[in-house]
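What follows is a single structure, written as structure tokens, with notes after it.
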Number of protein chains: 2
Amino acid sequence: MLAASLQLADEEGLAAVTMQAVADRLGVTPMALYRHVKNKADLLDGVVESILLEVPLPDVTEAWPDRLAALARGTRSAALRHPGVFPLLLQRAAVTPGARRARDVVYDALREAGLREDDVVRFERLLATAILGFAASEAGGRFAAHSAEQLNADFALLQDTLAAAILGALAAQSV
Amino acid sequence: MLAASLQLADEEGLAAVTMQAVADRLGVTPMALYRHVKNKADLLDGVVESILLEVPLPDVTEAWPDRLAALARGTRSAALRHPGVFPLLLQRAAVTPGARRARDVVYDALREAGLREDDVVRFERLLATAILGFAASEAGGRFAAHSAEQLNADFALLQDTLAAAILGALAAQSV
DNA sequence: ACCTGAACACCGTTCAAGT
DNA sequence: ACCTGAACACCGTTCAAGT
């Protein structure tokens with residue numbers, strides 16, 4: 001049912017995700033959905049969560065900068081796969097298992113980098129908002145006029161900037 | 001009419017902005033709105049634009065870093081004033097007068113800083129996505145569990161990171 | 001447990017008609 | 001020019017009823 005909703009959103013946009021359209025796709029009446037979902041908001045929460053769970057977690061054996069870069073790329077890919085829904089990610093509290101999963105990857109990487117615990121949580125939030133902001137902007141259409149190469153270069157600049165910020169914090173705390 | 005729509009969104013959320021509710025607030029029938037607006041999407045575009053135009057432009061006599069910081073603060077304030085609508089800003093192409101207005105402030109500041117023209121446009125996009133991403137996350141509710149002090153500190157870290165990136169680019173190009 | 005039919009109050013939008 | 005009444009096809013959701 002979440003899969004059907006997500007597919008519908010990808011094909012026809014978020015506005016096409018109605019209880020009746022989802023039910024149709026499942027060969028059932030709209031009212032049957034209320035057995036599995038509290039209401040429409042709950043259904044959309046489920047769709048958002050399933051996108052979050054789609055982001056592949058990087059291999060723990062990789063070096064921490066590679067893990068962060070891979071997670072960022074994975075997030076961006078998920079956004080481009082689901083442009084109609086992705087902007088919703090910024091409108092839900094980051095307290096679900098899918099959100100926690102990604103956050104833990106970043107926490108572990110930043111700890112391994114050597115950041116102090118308070119900087120770990122600060123930098124996780126910095127990374128998450130910057131990457132999600134970029135991905136949501138790109139998927140949402142704010143960059144409509146830009147070429148793929150431009151966007152790739154922009155994403156690289158963002159990643160470099162964030163990496164430099166982490167290295168800067170490390171240098172500052174080892175003084 | 002845009003003012004009435006925005007007010008409605010602020011008071012009761014974006015979902016409450018229906019043609020009928022807006023018309024009610026204006027003491028008119030829903031159909032009368034179609035005289036002034038093509039359809040509902042057009043109305044929402046107008047609301048988004050009016051938020052963009054609400055962001056105060058910094059005084060040109062200020063130094064460039066202060067102008068950038070002031071614009072960022074003004075954007076964040078607008079988001080907090082209109083949390084229900086702000087996430088929509090990431091879903092509209094940045095081609096309206098309101099978007100251009102803010103972009104020109106950043107262009108001028110970055111040129112004055114001494115960046116090369118290609119870096120000017122790259123860094124403007126970096127700044128815009130990072131600041132809008134933060135503001136949309138905060139307004140949208142992704143940070144629901146965090147305190148105001150935490151969020152202020154996070155915003156400061158973001159601004160510092162972006163400022164450092166600009167200074168880094170300046171240093172690199174003057175080698 | 002799971003699904004349905006009928007119903008409710010509400011959507012966005014059109015069209016012809018009114019002033 | 002601007003607004004309205006009536007109508008259309010669609011929403012989300014509830015409830016009692018069916019298997």
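Naming convention: chains lettered A, B, ... in sequence-line order (proteins, then strands); numbering from 1 in each chain. Basis for what follows: all heavy atoms, side chains included, without hydrogens, waters or symmetry-related copies.
Put simply, the side chain of A:Asp42 does not reach to within 4.5 Å of the side chain of A:Tyr34, judged on heavy atoms. Between A:Val105 and A:Pro58, some side-chain heavy-atom pair lies under the 4.5 Å cut-off. Considering only heavy atoms from C-beta on, B:Leu71 stays 4.5 Å or farther from B:Leu127 through its side chain. Looking only at side-chain heavy atoms (C-beta outward), A:Met19 and A:Leu43 come within less than 4.5 Å of each other.
Judged by distance alone, with hydrogens and angles left aside, the side-chain atoms of A:Glu54 form no donor-acceptor pair with the main-chain N or O of A:Ala78 at under 3.5 Å. Remark: the backbone N or O of B:Ala94 is not paired with any side-chain donor or acceptor of A:Arg142 at under 3.5 angstrom. Judged by distance alone, with hydrogens and angles left aside, the side-chain atoms of A:Gln173 form a donor-acceptor pair with the main-chain N or O of A:Gly114 at under 3.5 Å.
In the region residues 25-36 of chain B, proximity to DNA chain C at under 4.0 angstrom, judged on heavy atoms, holds for B:Met31, B:Tyr34. The stretch residues 10-18 of chain A does not touch DNA chain C, since none of its heavy atoms comes less than 4.0 Å from the strand.
On the nucleic acid side, DNA chain D has its first and last nucleotide under 4.0 Å of a heavy atom of chain B at D:dC2 to D:dA6, going 5' to 3'.
Minimum heavy-atom separation, B:Phe86 to B:Ala79: CD1-CA, 3.3 Å.
Hydrophobic clustering of Ile, Leu, Val, Met, Phe, Trp and Tyr side chains at less than 4.5 Å, counting indirect connections, unites B:Leu44 with B:Leu2.
The list of salt bridge (charged side-chain N to carboxylate O under 4.0 Å, His left out) pairs with a residue in residues 122-139 of chain B, not counting sequence neighbours, reads A:Asp154-B:Arg125, B:Arg76-B:Glu138, B:Asp119-B:Arg122.
Not counting sequence neighbours, the partners of A:Arg100 by the side-chain contact (heavy atoms from CB on, under 4.5 Å) test are A:Arg103, A:Asp104.
Between A:Thr161 atom OG1 and B:Phe123 atom CZ the span is 5.5 Å, to the nearest 0.5 Å.
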How would DNA chain C look in dot-bracket form, 5' to 3', counting Watson-Crick and G-U wobble pairs with both distances under 3.5 Å and writing | for bases paired to another strand? ||.|||||...|||||.||
